[in-house]
Protein chains: 2
Amino acid sequence: MELDQLAECYKAMADKTRLKILALVKHEELCVCELVEILKMTQPSISQHLRKLKQAKLVKERRSSQWIFYSIDGEMYPFIKENLNALPDMSSDIEQLKTSGMKVCCT
Amino acid sequence: MELDQLAECYKAMADKTRLKILALVKHEELCVCELVEILKMTQPSISQHLRKLKQAKLVKERRSSQWIFYSIDGEMYPFIKENLNALPDMSSDIEQLKTSGMKVCCT
DNA sequence: TCATAATATAAGAATATACTTATATCAACA
DNA sequence: TGTTGATATAAGTATATTCTTATATTATGA
């Protein structure tokens, strides 16, 4: 793996918000508005962070009607994937979203 | 490991020059002037990069008379160490330095 | 086709980063 | 003590990053 690409990858991970996004979509795919709801940030801000993660090939998107779901890109290098295991567990935030009725229920 | 600390760590790795430094000191400890010589960058620039790596606890320093030798900090988290294995082999640059007679020979 | 919901993009401001030049620190040694 | 070599720090500038607000895109459904 080339240094440029590698630095690009770490640059994508060098931000607390993006690490949180990775920690969240690691559990299950989430759409933008769900991330907005969980992270309490504006939609454009989340969208821009997702673009960086996508450019670094850390997440991939799947469109389903008007929603775009993001999830971990399985093509990721194994040693990068190891890093995701070290992220804190944020499943409770997703659970909370579900119980609050905000979870998008369509696929 | 907390998100702040983790982001700090990736921020330290989110730069091509610092990745090169890590790839170099992974082989053996090197002093600042050796890194300056190999990377063809100014001394203050290298020094500032080393400070960031040190703050992120990725490298440690050892003073020996007027030289300060930098090496990988063994206290590093295992999953971070995995990342170092993915760095390109730069041992030839060190060999080249040695044959050119620039290698600091004192300990 | 029009209105709406979800998302992306653009542009601007505030902040952070990386390099440069100049200077300070610190150890060795005459 | 004064000088030299190695390294660190400071200050300034150019560039990059992140957030905000405003607007564009895309799909859905009346």
Side-chain angles (χ1 to χ4, degrees), chain A residues 3-4 7-22 24-25 29-56 58-71 97 101-107, chain B residues 3-4 7-22 24-25 29-56 58-71 97 101-107:
Chain A
L3 273 181
D4 290 278
E8 195 59 32
C9 194
Y10 292 128
K11 208 172 285 185
M13 295 197 288
D15 179 274
K16 227 167 109 178
T17 300
R18 288 195 291 273
L19 286 181
K20 279 186 199 168
I21 292 176
L22 288 173
L24 285 165
V25 302
E29 60 172 19
L30 294 168
C31 69
V32 182
C33 63
E34 291 169 336
L35 290 168
V36 166
E37 183 62 28
I38 294 174
L39 298 173
K40 308 290 182 205
M41 292 177 69
T42 63
Q43 177 268 318
S45 185
I46 295 294
S47 197
Q48 284 157 5
H49 281 301
L50 285 168
R51 180 168 49 185
K52 292 199 178 182
L53 289 171
K54 197 174 63 180
Q55 280 170 347
L58 296 179
V59 302
K60 62 180 198 295
E61 61 179 42
R62 179 179 70 86
R63 172 150 233 153
S64 175
S65 76
Q66 73 265 51
W67 295 283
I68 299 180
F69 291 89
Y70 284 87
S71 57
L97 185 77
M102 299 293 293
K103 185 79 179 69
V104 170
C105 51
C106 330
T107 55
Chain B
L3 273 182
D4 290 277
E8 194 61 30
C9 194
Y10 292 128
K11 211 171 283 185
M13 294 198 287
D15 179 274
K16 227 167 111 178
T17 299
R18 288 195 290 273
L19 287 181
K20 279 186 198 169
I21 292 177
L22 288 172
L24 285 164
V25 301
E29 61 172 19
L30 294 168
C31 69
V32 183
C33 64
E34 291 170 336
L35 289 167
V36 166
E37 184 62 28
I38 294 174
L39 298 173
K40 308 291 182 204
M41 292 177 70
T42 64
Q43 177 269 318
S45 185
I46 294 294
S47 196
Q48 284 156 6
H49 281 301
L50 285 168
R51 180 168 51 184
K52 292 202 174 176
L53 289 171
K54 198 174 62 180
Q55 280 170 347
L58 295 179
V59 302
K60 64 180 198 295
E61 62 181 41
R62 178 180 70 86
R63 171 150 231 152
S64 176
S65 77
Q66 74 265 50
W67 295 284
I68 298 179
F69 291 89
Y70 285 87
S71 57
L97 185 77
M102 300 293 294
K103 185 80 179 70
V104 171
C105 51
C106 329
T107 53

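These numbers were taken from a predicted model, which means no experiment stands behind them. Letters A, B, ... are given to chains in the order of the sequence lines, protein chains preceding strands, and every chain is numbered from 1.
- Residue B:Lys16 is out of contact with every strand shown, counting any heavy-atom pair closer than 4.0 Å.
- For the pair A:Ile68 CD1 and C:dA5 P, the computed distance is 17 Å after rounding to whole Å.
- For the segment residues 48-56 of chain A, residues with any heavy atom less than 4.0 angstrom from an atom of DNA chain D are, sorted by number, A:Gln48, A:His49, A:Lys52.
- Considering only residues two or more places apart in sequence or on other chains, A:Glu8 meets the salt bridge (Lys or Arg N to Asp or Glu O under 4.0 Å) condition with none of them.
- Of the side-chain N and O atoms in A:Ser47, none sit less than 4.0 angstrom from OP1 or OP2 of C:dT7.
- One can place CE of B:Met41 at 13 Å from P of C:dT21, the figure rounded to the nearest angstrom.
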Under a 4.0 Å heavy-atom criterion, the protein footprint on nucleotides 22-30 of chain C, written with B, S and -, is B----SS--

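- For the pair A:Phe69 CZ and C:dT7 P, the computed distance is 8 Å after rounding to whole Å.
- A residue-by-residue look at A:Glu61 and B:Ser45 shows that A:Glu61 has its nearest nucleotide of DNA chain C further toward the 5' end.
- No donor-acceptor distance shorter than 3.5 angstrom exists from the side chain of B:Arg51 to the backbone of B:Ile46, with no hydrogens or angles considered.
- Going from atom CD1 of B:Ile46 over to atom P of C:dC19 covers 8 Å, rounded to whole Å.
- Contact annotation: the side chain of A:His49 approaches that of A:Ile21 to within less than 4.5 Å [non-hydrogen atoms, C-beta and beyond].
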